[in-house]
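Quick note on labels: first sequence line is chain A, next is B, and so on, each numbered from 1. Note that the coordinates shown come from a computational prediction; the quantities given were computed from them, not determined experimentally.
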Amino acid sequence: MSNAPTAIEVENVDFYYGNSKALHDISLKIPKGLVTAFIGPSGCGKSTLLRCFNRMNDLIDGTSVKSGKIKIHGVDIYSKEVDVIELRKRVGMVFQKSNPFPKSIYENIVYGLRLQGINDKKMLDEVVEKSLRGAALWDEVKDRLDDYATGLSGGQMQRLCIARAIAVEPEIILMDEPCSALDPIATMKVEELIDELKKKYTIVIVTHNMQQAGRCSDFTAFYYLGKLIEFDRTEKIFTNPSKQQTEDYITGRFG
Amino acid sequence: MQNKSNNPFLKVSTPAKRQETAFFWLFRIATYIIIAAAGYIFFDIAYKGVGVIFQLKAPFVNVPFLTEWPETLDIFKLPANQDMKMEVSQYARMTYENPKVNFVEKGTLEMVIFKSPEGVMKKVLPEQKEAFDADPISHGWSVLSERAVMQVFQLKEVSEIKIGNTLYRSLVDDNEGVPPLEHKTQVYAAGGIYPAIVGTVLLVVGSMIIALTLGVLCATYLSEYSRSGPIINFIRLSIMNLAGVPSIVFGMWGYAMFVLLFGWNVSLMAGWFTLAFMVLPIVITGSEESLRAVPQGFREGSLALGASKWQTIYKNVLPYALPGILTSSIMGIARIAGETAAIMFTASFVVRDELPWQVKHAGEFFFNGVMALPYHIFVVSARVPQNVYTEKSSMARHSSSWSSF
């Protein structure tokens with residue numbers, strides 16, 4: 001299917017919220033250095049799977065991966081030796097609702113670095129500039145780095161969250177509907193940013209916007225009712241899907 | 001022109017509408033009753049209290065009331081049938097400073113006692129009195145009306161008494177020669193409430209430090225770390241129930257636990273811990289609520305950047321929960337500051353002559369009781385019956401309020 005090496009390998013994963021099964025026997029290989037989009041109707045499990053990749057679901061009581069394995073760069077991230085903190089440093093996440101901390105823009109960016117004990121002002125300054133440039137936000141905020149991050153516009157806040165995620169230099173960035181609350185122009189900026197970021201990072205993006213998946217992803221996975229229906233190159237999914245359900249969803253016949 | 005019967009929006013009285021009006025007025029009247037009651041309470045407190053704490057002369061605050069020790073008020077019934085109220089020491093001072101306007105002037109006293117710098121007390125006959133009256137202070141003599149001193153000696157049944165810095169000795173072997181003034185005592189009706197203020201502040205500060213430390217730790221565990229389950233629910237329920245326990249029960253428990261079992265005696269420490277456990281439910285419930293009010297996004301965002309749980313809580317949850325935690329603790333302060341029953345057996349003294357920190361060893365600071373405002377009110381108003389406020393109830397028990405003399 002792809003020549004790119006695999007970043008995330010999902011093998012026969014069943015996932016439960018308490019007793020209800022949310023993911024049914026999911027298997028897919030997410031290629032490294034490319035953008036993979038997850039699409040599907042609400043409640044189909046795409047966000048759940050995404051949150052499995054950095055074990056964010058651990059925060060919710062009663063959730064578990066009952067069978068199957070998720071490997072990132074060949075390592076099973078649900079094995080007992082895995083330090084979840086190290087995992088999350090390598091697998092960054094941008095959330096649906098932008099969640100800048102109520103601190104200054106500067107402090108938001110360096111939050112992850114301060115956690116690692118890096119307090120060298122010069123180094124932090126460099127990282128802030130690099131991350132903000134990386135998130136295409138530098139020109140807009142360079143003169144007000146000490147302003148509260150919550151005073152930014154919605155699109156700026158989301159890009160700030162992306163900048164915050166790339167400041168700790170992860171290998172994979174997970175994006176959970178990053179543009180769902182943004183207007184088309186802000187969305188366009190984030191999409192341009194995704195194009196830019198994929199040169200360095202593996203990106204997995206959950207989206208409800210099929211045009212967005214078509215525009216900015218290399219691979220697309222379609223989920224329905226907790227099952228992976230189809231996973232293929234984006235052009236193929238959108239032009240010549242092999243499953244009827246996929247075609248129905250993409251053409252808007254249901255969902 | 002519109003015909004009445006043609007108007008579809010015409011007001012018609014139906015049972016449902018009458019019920020609506022009735023309930024509206026029921027709610028409204030209930031609210032106004034409460035407002036009236038609350039208004040009266042605050043007005044009454046302000047009206048009567050303002051006169052005690054504030055005054056019209058500079059510095060506009062009744063400083064002695066806030067800075068002096070409580071003193072017992074002696075009321076002497078004078079022949080002119082006018083009660084004269086003064087503190088024991090004031091009584092002596094008055095006759096010393098104004099020998100001309102004391103009872104001597106009124107012809108009820110014939111002799112004056114002087115105290116020489118050598119500490120000897122002398123009886124001065126009326127014919128000698130005038131000479132001393134002219135200039136007693138420059139001679140370095142303290143002067144007291146004999147009657148006042150006699151009264152004091154008689155009341156206290158001692159032959160020595162210290163008033164201010166002056167020691168008086170009775171030269172009269174028996175006081176029978178002086179007919180007693182009619183007299184009654186009002187415990188702590190004079191002076192100020194300084195040591196009680198100090199004690200209450202100490203109790204509140206100490207117990208809030210203990211309660212906040214324990215409470216915030218517990219609330220953090222409950223809301224951030226623990227997984228929900230029957231055990232945690234049971235713990236939570238127990239904490240909530242603790243809030244419903246009457247404070248006298250806490251007082252008895254603190255007495256049994258800290259005063260007797262731990263052997264701390266009636267002390268600041270025992271009071272601190274008793275009060276701390278009493279407000280813990282308020283602090284824990286309030287803290288948990290404010291922790292829950294911190295958006296989940298702050299936690300997730302922080303964890304997704306590779307923060308540990310504790311780093312997340314410390315850097316990104318507690319700072320935003322802090323205002324709410326402090327608000328809830330103010331409720332706790334209000335409860336502690338007014339608590340009588342819980343400190344009655346554990347921390348409060350009726351009277352203590354020195355301030356809590358005027359001790360030889362630091363340990364005594366922690367293991368000594370203090371005076372406290374609510375308990376002081378209790379002592380003044382209820383436990384000692386010879387008080388204007390409880391006079392009526394004591395009148396019922398005794399034929400006359402003067403008969404106790």
Engineer: Return the minimal non-hydrogen interatomic distance between A/Tyr111 and B/Ser302, and the atom names on each side.
Structural biologist: OH-OG, 2.7 Å

Engineer: Name the region of A/Val94, side chain, backbone, both or neither, that has any atom closer than 4.5 Å to a heavy atom of chain B.
Structural biologist: neither

Engineer: Do you know which of B/Gly297, B/Gly306, B/Ser228, B/Pro319 has the most heavy-atom pairs with chain A at a distance under 4.5 angstrom?
Structural biologist: B/Gly306

Engineer: Counting only heavy atoms not in B/Phe262, do more than 12 sit closer than 6.0 Å to its CZ atom?
Structural biologist: yes

Engineer: Does OH belonging to B/Tyr255 count more than 12 external heavy atoms closer than 6.0 Å?
Structural biologist: no

Engineer: When heavy-atom pairs shorter than 4.5 Å are enumerated against chain B, which of A/Gln116, A/Met56, A/Glu86 gives the highest number?
Structural biologist: A/Met56

Engineer: Measure distances from A/Pro102 to the heavy atoms of chain B and classify the residue's part below 4.5 Å as side chain, backbone, both or neither.
Structural biologist: both

Engineer: Tell me the closest heavy-atom pair linking B/Gly301 and A/Arg164, and the distance in Å.
Structural biologist: CA-NH2, 4.1 Å

Engineer: Is A/Arg55 in contact with chain B via its backbone, its side chain, both, or neither, using a 4.5 Å heavy-atom distance?
Structural biologist: neither

Engineer: Would you indicate whether B/Leu26, at its atom CG, is surrounded by more than 12 heavy atoms from other residues, nucleotides or ligands within a distance under 6.0 Å?
Structural biologist: yes

Engineer: Can you establish whether the number of heavy atoms outside B/Tyr32 located under 6.0 Å from its atom OH is more than 12?
Structural biologist: no

Engineer: Would you say B/Glu20 has more than 12 foreign heavy atoms packed within less than 6.0 Å of its CD?
Structural biologist: no

Engineer: To the nearest 0.5 angstrom, please state how far the CG atom of A/Leu59 sits from the NZ atom of B/Lys309.
Structural biologist: 6.5 Å

Engineer: So, taking the atom named CG in A/Leu115 and the one named OG1 in B/Thr312, what distance separates them when rounded to the nearest 0.5 Å?
Structural biologist: 7.0 Å

Engineer: Say you draw a straight line from CG of B/Leu305 to NZ of A/Lys89; how long is it, rounded to the nearest 0.5 Å?
Structural biologist: 11.0 Å

Engineer: What are the two closest heavy atoms between B/Arg227 and A/Ile60, and how far apart are they?
Structural biologist: NH1-O, 4.5 Å

Engineer: Using 0.5 Å steps for rounding, measure from the NZ atom of A/Lys103 to the NZ atom of B/Lys315.
Structural biologist: 6.5 Å

Engineer: Should the heavy atoms of other residues, nucleotides or ligands under 6.0 Å from NZ of A/Lys130 be counted, would the total exceed 12?
Structural biologist: no

Engineer: Say you draw a straight line from NZ of A/Lys97 to CD of B/Gln296; how long is it, rounded to the nearest 0.5 Å?
Structural biologist: 11.0 Å

Engineer: Rounded to the nearest 0.5 Å, how far does CZ of A/Arg88 lie from CD of B/Glu300?
Structural biologist: 9.5 Å

Engineer: A quick test of your reading: do over 12 heavy atoms of other residues, nucleotides or ligands sit less than 6.0 Å from CZ of B/Phe234?
Structural biologist: no

Engineer: If the condition is side chain to side chain donor-acceptor pair (under 3.5 Å), which residues does B/Arg335 pass it with, not counting sequence neighbours?
Structural biologist: none

Engineer: Considering residues, nucleotides and ligands other than A/Arg90, do more than 12 of their heavy atoms fall under 6.0 Å from its CZ?
Structural biologist: no

Engineer: Measure across A/Phe101 and B/Phe298 and return the closest heavy-atom pair with its distance rounded to 0.1 Å.
Structural biologist: CE2-O, 3.6 Å

